[in-house]
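For reference, the structure discussed in these notes is given below.
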Amino acid sequence: MPSDMQKTFYPRPLTSVKFDTAISGRIYVNGELIEGAIGIVDGKIAAIKKRISGARDYGDSIILPGRVDPHVHFRDPGYTQKEDFLTGTLSAAFGGVTCILDMPNTEPFLYRYPALEEKEYIASRKAVVDYGLITGMKNRILDEKALKRSPALKIFMAPTTGGIVNELDDLALQYLLNLMKDYGKPVIFHAEDMKFISNEKTGNLIEHLRNRPNMAEESAVRRLISSGKPLHMAHITSTEAVELLKNRTYGQTSEVTPHHLFLTVDSDFENEAYGRVNPPLRKKRDRDALWDALRDGRIDMISSDHAPHTMEEKEEFETAPSGIPGVETALPLILVAVKKGLLEFKRAVEVLIENPAKRFCPRKGSIEVGKDADLLVIDMKKVRRIDAEYLHSKAGWTPFEGMDAIFPESVYLRGKRIIKNGNFEGEKGLGENLWTKHPAGHNGHSEPEREG
Ligand code: DOR
Ligand code: ZN
């Protein structure tokens, strides 16, 4: 036998593995903060150890997995005066979000493959964090090719900014849910029942709430739960709906937004139109019920429903489009709520980070060997006041102005530090679409043809 065939291959012992990057601090592993170090190879967590020599040490700071935000509207293409994929994902990164799912109510409305291809191209050049592009449905057309490259399907049961309403009777709903189960894609519902929504002129938040009463959400949520099929209910807002969530069946999940947790129709707004959103802000009683449901597990996760509009559009309440920006402030606000004792730290990590990842993007969401090395370095002592001037959305305003927040100091995306001491050091196009494989790499797309 030639001698080179006799060579024995020994797997390298872990101690001699050369990591691309290693960091240490108080790391969140298996539900606990422990002093330790994380070794990263090829963008993945390769080792979790007591110590790694040469690791960048973050001392007393805590290190959490990056957050997945399952519900944002980045407005690109079509409404880039409100936001685009660069400003939206920058805002996400500064808020500790390393993966976002973008909603289809852009222009053209995304329900067919050519529109998806166009958005894929745009996002591939601009995104600074990872993402998935959610598909919608119009005229009951489902485009299989688009769905395959998409993390989920979004169904709007009621009219809202730029959304195409999908009216489905019970039979159609069953048919759709069965079909989507075969595709293996979750269906996300904007759960408000058209029957109870009125379009009367509104001059303030109380009137807006009157147009979209609790009953509208209750009715839609009741229908969805009684379908008995796995599905996801976006932005739950009412006492009645969280009561119904007690009866949900296997695979039925729900989310709540920070604006419904921190604001009500009676909050003090610099401009009341900043609180105009669908489903609407409700009463204190509803807000308290949402916190209870978030604590006891009826609500599974927090999404920002980041829906920016320009300041000019929000000038007059009556004509203002509904929607609130929030991808950058969600985690920072909740961390302060933890400090105030509103939510346990472990539960906060579940609802902000672990649960959205498990539901929509399992390669992220925990500090575990094999997962993406998306990591947030957070100093819980550094509380700052939210000031729209320092946020990164094009909106330029926030209804959370002046509220306390804890922003991550540093953020890693697949092992690369993209925020260092509050400064961006990533690059455009670094974010990847996790639901497609780009043949020529994520920057090598050819220009797609525009639909229509
Ligand atoms: O208030 C809202 N704004 N609710 C939605 O469902 C859509 C969103 C938007 O895109 O502006
Ligand atoms: Zn939305």
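The figures here come from the full heavy-atom set of this structure, side chains too, leaving out hydrogens, waters and symmetry mates. This structure is a prediction, so every number in the text was calculated from the model and none was measured. The residues of the chain are indexed from 1 along the displayed sequence.
A salt bridge between K126 and D76 is present, with a side-chain N of the basic residue lying under 4.0 Å from a carboxylate O of the acidic one. Using a 4.0 Å cut-off between charged nitrogen and carboxylate oxygen, R285 and D288 do not count as a salt-bridge pair. Taking 4.0 Å as the cut-off between side-chain N and carboxylate O, R222 and E218 count as a salt-bridged pair.
The neighbour count for M403 CE, taken as heavy atoms of other residues, nucleotides or ligands under 6.0 Å away, is above 12. Under a cut-off of 6.0 angstrom, the local environment of OH in Y175 is sparse, with at most 12 non-hydrogen atoms contributed by other residues, nucleotides or ligands. Residue-environment remark: NZ (K44) exceeds the threshold of 12 foreign heavy atoms within 6.0 Å. Within 6.0 Å of CG in D169 there are more than 12 heavy atoms belonging to other residues, nucleotides or ligands. For K283, the NZ atom counts as loosely surrounded, since its 6.0 Å shell holds 12 or fewer non-hydrogen atoms of other residues, nucleotides or ligands. Counting heavy-atom neighbours within 6.0 Å of E425 CD, excluding the residue itself, gives a total above 12. Counting non-hydrogen atoms of neighbouring residues, nucleotides and ligands closer than 6.0 angstrom, the NZ atom of K185 exceeds 12 such neighbours. Atom CD1 of I141 sits in a crowded spot, with more than 12 heavy atoms from other residues, nucleotides or ligands closer than 6.0 Å.
Here the rule is side-chain contact (heavy atoms from CB on, under 4.5 Å) with P280, and of H260, E192, R210 only E192 fits it.
If you look at Y131 and F74, their ring centroids are not closer than 6.0 Å. Taking the centre of each ring, Y28 and F345 come in below the 6.0 Å mark. With ring centers used as reference points, F360 lies under 6.0 Å from H232.
Side chain to side chain, S366 and E354 fail the donor-acceptor criterion of an N or O pair below 3.5 Å. Residues T264 and R287 have side chains that never bring a donor and an acceptor to within less than 3.5 angstrom of each other. Side-chain contact, D286 with S238: no donor N or O sits under 3.5 Å from an acceptor N or O. Under 3.5 Å, the side chains of Q81 and K394 contain no donor-acceptor pair of N or O atoms. For the 3.5 Å distance criterion, the side chains of K195 and S219 fail to qualify, holding no donor opposite an acceptor. With no hydrogens or angles considered, no side-chain donor-acceptor pair links E207 and T202 at under 3.5 Å. For the residue pair T237 and E217, a side-chain donor N or O sits within less than 3.5 Å of a side-chain acceptor on the partner.
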K148 vs E144, salt bridge (Lys or Arg N to Asp or Glu O under 4.0 Å): CA-CA, chis, key distance, verdict: CA-CA 6 Å; K148 280 192 176 149; E144 191 178 335; 3.3 Å; yes

Derivation and outcome, salt bridge (Lys or Arg N to Asp or Glu O under 4.0 Å), residues D300 and K358: CA-CA 11 Å; D300 303 281; K358 275 186 201 149; over 6 Å; no

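Residue D305 comes nearest to H73 through the heavy atom pair OD1-NE2, 3.0 Å, listed as atom of the first residue, atom of the second, then distance. Shown here for I236 and S254, the closest heavy-atom pair between the two residues is CG1-CB, 4.0 Å. Contact between A115 and F109 at its shortest, heavy atoms only, is CB-O, 4.3 Å. For the residue pair A127 and T89, the shortest heavy atom distance occurs at CA-OG1, 3.6 Å.
Not one N or O on the side chain of R67 forms a donor-acceptor pair closer than 3.5 Å with the backbone of L376. At least one donor-acceptor pair under 3.5 Å links the side chain of S150 to the backbone N or O of L133. Put simply, the side chain of R149 never gets that close to the backbone of T436: no donor and acceptor are under 3.5 Å apart. Distance alone, capped at 3.5 Å, is enough to place a donor-acceptor pair between the T161 side chain and the S322 backbone.
Between F262 and F400, the angle of the ring planes goes over 60°, which puts this pair in the perpendicular group of the 30/60° scheme. Using bins of under 30°, 30° to 60° and over 60° for the plane-to-plane angle, the ring pair H190/H235 lands in the perpendicular bin.
Contact of the P70 side chain with the E255 side chain is registered, since non-hydrogen atoms from C-beta on lie closer than 4.5 Å. The shortest side-chain heavy-atom distance between V128 and L86 falls under the 4.5 Å cut-off. Between S393 and F94, every side-chain heavy-atom pair lies at or beyond the 4.5 Å cut-off.
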